[in-house]
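Single-structure report; data block below.
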Amino acid sequence: MLLEAFENKLRALFEGTLDRLLYPGVSMSLSSRLVALISEKIASQPSDSRRAPDLIDILICPDKWDAWQNARAALDDAARELEAYWVEQGYSFLYRPRIRVIADPELNAEAVDIRIDYAQDDNWQGKTALQTIPRQVTEEPVPANAYLIINGKAQAALEKAVINIGRRSTSDIILNDPMISRDHVQLRAEQGKFLLFDLSSTGGTFVNNRKVHTAVLKPGDVIRLGKTLLVYNQELTAPAETKTTLLPTHPES
């Protein structure tokens with residue numbers, strides 16, 4: 001029961017962040033796998049060993065790198081909870097446990113792999129619980145002359161590889177629509193196209209009147225978020241100096 005309660009505690013830490021940034025249910029899967037793999041690693045050691053593994057690697061698809069970086073705080077908290085729990089059970093750590101996020105190009109978009117081991121040196125001692133290894137992939141080219149027409153009026157050029165859209169004041173494109181989530185959708189350049197990802201929004205995302213979680217955008221596609229209509233296109237007609245027009249920024253309610 002103690003182990004089950006601890007697993008539930010880890011899941012609660014992850015739910016508010018990972019389920020929103022990645023996909024529903026990832027918090028349950030990750031927490032159960034972490035607890036099971038650590039327990040298996042301890043069981044594989046000599047019976048008189050009371051040392052717990054302190055190295056946790058989470059391998060993810062490079063396309064999900066940014067989303068996992070936004071989960072740093074939750075992973076950092078999880079590393080501290082792991083340490084506290086196993087110490088309470090009578091185990092010790094040679095070094096403070098830490099979680100590393102590693103981009104693995106062999107994994108597909110939704111796959112997550114976990115590796116548990118014992119650190120071989122103290123290079124990480126005294127550092128924060130979460131360590132990241134920079135993504136080693138080539139940046140995708142941004143589709144040329146791509147833009148959105150917002151409610152038939154405002155025009156926003158899409159000039160970045162990753163574009164966040166929502167009500168949040170720090171979004172790349174800010175939409176003043178109370179039916180839109182603060183973090184509603186993300187556009188990501190991949191193989192010369194923009195892919196749309198719904199960020200577990202409250203009201204959902206519709207492309208050409210079809211509710212979607214992900215979609216590859218084509219010129220002429222109509223995206224509906226709340227009461228806002230966005231038309232995707234790749235033939236910019238406005239002069240270069242005025243081609244980016246965002247709706248007014250309003251403080252978050």
Side-chain angles (χ1 to χ4, degrees), residues 1-61 64-104 107-133 168 181-183 197-202 213:
M1 289 300 293
L2 284 175
L3 198 60
E4 182 180 350
F6 174 60
E7 183 180 320
N8 290 335
K9 190 172 185 177
L10 282 184
R11 184 169 69 248
L13 280 175
F14 295 144
E15 274 179 340
T17 303
L18 293 180
D19 281 13
R20 176 176 60 83
L21 293 171
L22 299 167
Y23 53 88
V26 67
S27 59
M28 180 179 295
S29 174
L30 184 62
S31 57
S32 62
R33 289 169 66 191
L34 277 174
V35 171
L37 289 171
I38 292 174
S39 299
E40 290 174 9
K41 195 68 175 179
I42 290 175
S44 70
Q45 302 302 303
S47 57
D48 59 346
S49 173
R50 300 294 293 177
R51 183 179 157 209
D54 42 26
L55 183 57
I56 303 167
D57 288 342
I58 298 179
L59 284 69
I60 53 100
C61 172
K64 296 293 185 179
W65 178 257
D66 292 332
W68 279 92
Q69 297 317 296
N70 290 330
R72 285 189 177 197
L75 294 172
D76 190 70
D77 288 341
R80 285 193 290 267
E81 291 294 342
L82 286 166
E83 180 180 20
Y85 174 79
W86 291 108
V87 167
E88 185 178 344
Q89 303 310 307
Y91 291 88
S92 63
F93 293 86
L94 185 58
Y95 308 114
R96 292 198 65 185
R98 66 274 191 190
I99 297 175
R100 302 189 303 182
V101 177
I102 301 175
D104 185 346
L107 295 179
N108 62 40
E110 304 300 336
V112 177
D113 198 5
I114 303 173
R115 296 176 185 171
I116 306 293
D117 210 340
Y118 293 87
Q120 301 300 314
D121 56 56
D122 62 352
N123 287 340
W124 300 105
Q125 195 170 15
K127 297 187 179 181
T128 58
L130 173 66
Q131 301 295 327
T132 59
I133 298 177
R168 189 176 298 280
S181 298
R182 286 179 171 82
D183 303 299
F197 296 88
D198 180 271
L199 301 177
S200 298
S201 64
T202 302
H213 179 65

[X] side-chain N/O to [Y] backbone N/O, donor-acceptor pair under 3.5 Å:
X: T17; Y: F14; value: no
X: T202; Y: S181; value: no
X: R51; Y: Q45; value: no
X: S29; Y: V26; value: no

Distance, nearest 0.5 Å, that separates [atom1] of [X] from [atom2] of [Y]:
X: D117; Y: L37; atom1: CG; atom2: CG; answer: 11.5 Å
X: L18; Y: R11; atom1: CG; atom2: CZ; answer: 13.0 Å
X: L55; Y: Y118; atom1: CG; atom2: OH; answer: 11.5 Å
X: I99; Y: R72; atom1: CD1; atom2: CZ; answer: 12.5 Å
X: L30; Y: I114; atom1: CG; atom2: CD1; answer: 4.5 Å
X: Q89; Y: I42; atom1: CD; atom2: CD1; answer: 9.5 Å

Within the 4.5 Å heavy-atom criterion, are [X] and [Y] side-chain neighbours or not?
X: E7; Y: L3; result: no
X: R96; Y: D54; result: no
X: L199; Y: R182; result: no

Partner set under salt bridge (Lys or Arg N to Asp or Glu O under 4.0 Å) for D198, not counting sequence neighbours: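 D198 satisfies salt bridge (Lys or Arg N to Asp or Glu O under 4.0 Å) with no other residue.
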Show the nearest heavy-atom pair for residues F93 and P53, with the distance to one decimal. CE2-O, 3.2 Å
Where is the tightest heavy-atom contact between A79 and P97, given as atom of each residue plus distance?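 Minimum heavy-atom separation between A79 and P97: O-CG, 3.8 Å.
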Apply side-chain contact (heavy atoms from CB on, under 4.5 Å) to D57 and D113, showing your working. CA-CA 8 Å; D57 288 342; D113 198 5; over 6 Å; no
Assign the ring pair F6 / Y85 to parallel, tilted or perpendicular, where the plane angle (0 to 90°) is split at 30° and 60°.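 Aromatic pair F6/Y85 classed parallel.
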Does atom CZ (R115) have a neighbourhood of more than 12 heavy atoms from anything else shown, all under 6.0 Å?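 Open.
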